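This one's a predicted model, so the numbers in the text were calculated from it and none came from an experiment.
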Amino acid sequence: MINDLSNLFTAQTDNKVIVFSTNLKDFVISLNSVAKNLKPYMFYYRAFKKTDFMEHTAADGRKFYLQKVV
């Protein structure tokens with residue numbers, strides 16, 4: 001296990017991890033290339049302070065499950 005790892009964010013759809021990052025800003029940028037109509041970065045910053053899991057429905061109807069693992 002990496003001791004310096006303080007955060008790990010993942011996005012899953014169809015039981016597959018499609019995006020992951022240790023930095024929330026990079027995570028949102030990467031996710032935006034896959035799932036359109038994302039909310040701004042600050043929305044996810046505030047939301048992940050309150051919960052570790054949320055859903056996002058893309059413009060094409062696909063559901064993405066966003067999770068803060070660490």
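- Ring centers of Y44 and F27: at least 6.0 Å apart, outside the cut-off.
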(message) Checking L66 against L31 for the side chain to side chain contact (heavy atoms under 4.5 Å, CB included) test, could you report, in this order, the C-alpha distance in whole Å, the side-chain angles of both residues, the deciding distance, and whether it holds?
(response) CA-CA 10 Å; L66 313 178; L31 184 60; 3.5 Å; yes
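- Atom CD of residue E55 and atom CD of residue Q67 lie 12.0 Å apart, to the nearest 0.5 angstrom.
- In this structure, K36 places its NZ atom where more than 12 heavy-atom neighbours from other residues, nucleotides or ligands lie under 6.0 Å away.
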(request) Applying side chain to side chain contact (heavy atoms under 4.5 Å, CB included), run through L24 and Y41 and close with a yes or a no. (result) CA-CA 8 Å; L24 181 58; Y41 160 77; 3.8 Å; yes
(request) Before giving the answer on side chain to side chain contact (heavy atoms under 4.5 Å, CB included), spell out for N23 and N7 the whole-Å C-alpha distance, their side-chain angles and the decisive distance to 0.1 Å. (result) CA-CA 7 Å; N23 179 298; N7 292 315; over 6 Å; no
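- T10 and Q12 are linked by a side-chain donor-acceptor pair at a separation below 3.5 angstrom, with hydrogens and angles left out of the test.
- For D14, the CG atom is loosely surrounded, since the number of other residues' heavy atoms within 6.0 Å does not exceed 12.
- Within 6.0 Å of the CZ atom in F48, the count of heavy atoms belonging to other residues, nucleotides or ligands exceeds 12.
- Counting heavy atoms from C-beta on, the side chains of F9 and F20 never come closer than 4.5 Å.
- Side chain of T13 to main chain of K63: a donor-acceptor pair is present (N/O by atom type, distance under 3.5 Å, no hydrogens or angles).
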(message) Show, in sequence, the C-alpha distance, side-chain angles and deciding distance for F64 and V34, and conclude whether the side chain to side chain contact (heavy atoms under 4.5 Å, CB included) test is met.
(response) CA-CA 10 Å; F64 294 88; V34 177; 4.0 Å; yes
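- Judged purely by atom type and a 3.5 angstrom limit, K49 has no side-chain atom pairing as donor or acceptor with the backbone of Y45.
- Between N37 and A59, the shortest heavy-atom contact is OD1-N, 3.4 Å.
- Scanning for salt bridge (charged side-chain N to carboxylate O under 4.0 Å, His left out) contacts around D60 gives R62, with sequence neighbours left out.
- Hydrophobic cluster membership differs between Y65 and L8, with clusters built from Ile, Leu, Val, Met, Phe, Trp and Tyr side chains linked at under 4.5 angstrom.
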